[in-house]
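Step one of this worksheet: look at the structure below.
This one's a predicted model, so the numbers in the text were calculated from it and none came from an experiment.
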Amino acid sequence: ASFGGLLDAFGVRASDADLSTNWQNIVGNNIANISKIVAIKVLKNNKFNIVLRPVSPAFALELSYKVDECKTKINQYYGRDAVGKITIRK
């Protein structure tokens, strides 16, 4: 826990698990309330392929409109171009 605190203090993000743990804080309530992270894969270029599932099929279209916003917020959180792709599974 103290090591994680040091990472946060210096602005370093530990791993993709950090993304799952802080999903709501990263993307905000509007996106977090309609989506769940199903998988996070690291691509060959060390960017993330994030697989999201809407909490209800009714939110699939809305979530698809928010993909760019998700990418922007996740990249801001990591402080780099971390997201290669976001996939939505129904």
Handout entry: Inter-residue atom distance Y65.OH - L61.CG, 0.5 Å rounding
Key = 4.0 Å
Practice task
Supply the atom-to-atom distance N30 CG to E69 CD, rounded to the nearest 0.5 angstrom.
Solution key: 7.5 Å
Exercise for the section: Check the hydrophobic clustering (I, L, V, M, F, W, Y; side-chain heavy atoms under 4.5 Å; chains of links allowed) and say if V55 and L63 are grouped together. Expected result: yes
Problem - Non-hydrogen side-chain atoms of L52 and T87 separated by less than 4.5 Å - result: no
Practice task
Indicate yes or no: at least one non-hydrogen side-chain atom of V42 is less than 4.5 angstrom from one of F48.
Solution key: yes
Practice task
Please examine the side chains of I88 and F59, heavy atoms only from C-beta on, and report whether any two atoms are closer than 4.5 Å.
Solution key: no
Practice task
Can you see which heavy atom on V27 is nearest to which on A32, and at what distance?
Solution key: CG2-N, 3.8 Å
Problem - Within-4.5 Å side-chain heavy-atom neighbours: I86 and K71 - result: yes
Handout entry: Check: G84 main-chain N/O paired with K47 side-chain donor or acceptor under 3.5 Å
Key = no
Practice task
Mind checking the CZ-CZ spacing from R89 to R53? Nearest 0.5 Å is all I need.
Solution key: 7.0 Å
Practice task
Would you give the length of the straight line joining atom OG of S64 to atom NZ of K90, rounded to the nearest 0.5 angstrom?
Solution key: 7.5 Å
Exercise for the section: Answer whether the closest heavy-atom distance between the side chains of I40 and L19 falls below 4.5 Å. Expected result: yes
Fill in the blank from the handout: Tightest non-hydrogen contact, residues C70 and I31, listed as SG-CG2, 3.6 Å
Fill in the blank from the handout: Rounded to the nearest 0.5 angstrom, the OG-CD distance for S35 and E62 is 10.0 Å
Fill in the blank from the handout: Scanning both residues in full, the closest heavy-atom pair of N33 with Q24 reads OD1-NE2, 4.4 Å
Handout entry: Min side-chain heavy-atom separation N75-R80 under 4.5 Å
Key = no
Problem - Check: Y77 and N22 side chains under 4.5 Å, non-hydrogen atoms - result: yes
Practice task
Kindly determine whether I26 and I74 satisfy side-chain contact (heavy atoms from CB on, under 4.5 Å), including the steps that lead there.
Solution key: CA-CA 6 Å; I26 296 168; I74 294 167; 4.1 Å; yes
Problem - Non-hydrogen side-chain atoms of P54 and I34 separated by less than 4.5 Å - result: no
